[in-house]
Amino acid sequence: MPKRATKLWLMKSEPGTYSIDDLQRDRTEPWDGVRNYQARNFMRDMAQGDLAIFYHSSASPPAAVGVCRICREAYPDPTQFDKKSPYYDPKSKREDPRWWLVDVEFVEKFAEPISLQALKDDSSLEGMLVTQKGSRLSVQPVDKGHFERVLKMAGAKSKVR
DNA sequence: GCCAACGTTGGC
DNA sequence: GCCAACGTTGGC
């Protein structure tokens with residue numbers, strides 16, 4: 001059986017919390033703390049080998065800054081059960097976890113960030129979720145054409161198979 | 001720091 | 001099930 005096609009994503013992080021440089025140093029990281037059902041559902045749709053654009057939100061400027069790969073498929077986010085964690089959720093039960101996460105691994109950091117403004121200004125990225133006003137989704141799917149266009153704008157080495 | 005755009009919660 | 005109040009995200 002052929003594996004399903006690689007899906008493509010965009011994942012936001014505030015660089016003050018966790019940046020592309022942190023991921024480059026750590027190599028892999030559990031993407032914990034997502035507390036939005038739609039974003040959680042997208043993470044549960046991810047498969048090992050999927051690629052994601054790493055995006056810096058609440059940054060100056062907000063920008064696509066690199067590429068990461070899903071290296072472990074969804075499992076319960078341990079921080080939901082940790083009373084000391086800012087992501088603790090008292091309503092989540094161990095036998096029925098509410099929040100899930102994936103592990104991501106570093107693939108590459110773009111030589112230059114592609115700013116949100118540059119993404120908005122590029123007509124071939126029309127319809128890309130992150131460019132749309134009021135889109136707060138921290139984990140979102142990206143069309144293959146849009147993904148490849150961002151890689152091209154960034155002069156990236158990564159290729160979509 | 002402001003605030004628009006959402007998403008969630010809880011009273012009814 | 002509605003919806004007002006509240007909380008959060010994230011660009012600016």
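Worth knowing before you read on, the calculation uses all heavy atoms, side chains too, and leaves out hydrogens, waters and symmetry mates. Quick note on labels: first sequence line is chain A, next is B, and so on, each numbered from 1.
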With nearest nucleotide decided by heavy atoms, which residue, K91(A) or N36(A), maps closer to the 5′ end of DNA chain B? N36(A)
Just how far, in rounded Å, is [atom2] of [N] from [atom1] of [X]?
X	N	atom1	atom2	answer
L137(A)	dG11(C)	CG	P	13 Å
M11(A)	dG10(C)	CE	P	13 Å
Q132(A)	dC12(C)	CD	P	14 Å
L116(A)	dT9(C)	CG	P	18 Å
L129(A)	dG10(C)	CG	P	13 Å
R40(A)	dG7(B)	CZ	C1'	14 Å
E14(A)	dC12(C)	CD	P	15 Å

Side chains of D77(A) and R35(A), heavy atoms from C-beta outward: is any pair under 4.5 Å? yes
Quick one: which of [options] gets closest to the side chain of [X]?
X	options	answer
S138(A)	dG10(C), dG7(B), dG11(C)	dG10(C)
K12(A)	dC12(C), dT8(B), dG10(C)	dG10(C)
R136(A)	dC12(C), dG10(C), dT9(B)	dG10(C)
Y37(A)	dG10(C), dG7(B), dT8(B)	dT8(B)

Distance-only donor-acceptor check, side chains Y18(A) and D26(A), under 3.5 Å: yes
Taking OP1 and OP2 of dA4(B), is either one under 4.0 Å from a side-chain nitrogen or oxygen of K133(A)? no
Is there a side-chain polar atom (N or O) of K120(A) under 4.0 Å from OP1 or OP2 of dC12(C)?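 Looking at the OP1 and OP2 atoms of dC12(C), one of them is under 4.0 Å from a side-chain N or O of K120(A).
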Any N or O donor-acceptor pair linking the side chain of R35(A) to the base of dT8(C) at under 3.5 Å? no
Given the side-chain rings of W99(A) and Y88(A), with only the six-membered ring counted for Trp, is the space between their centroids under 6.0 Å? no
Is the distance between the ring centroids of W31(A) and F54(A) under 6.0 Å?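 Judged by ring-centre distance (under 6.0 Å), W31(A) and F54(A) do meet the cut-off.
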What's the verdict on salt bridge (Lys or Arg N to Asp or Glu O under 4.0 Å) for D22(A) and R27(A), showing C-alpha distance, side-chain angles and the deciding distance? CA-CA 8 Å; D22(A) 294 327; R27(A) 308 306 301 173; over 6 Å; no
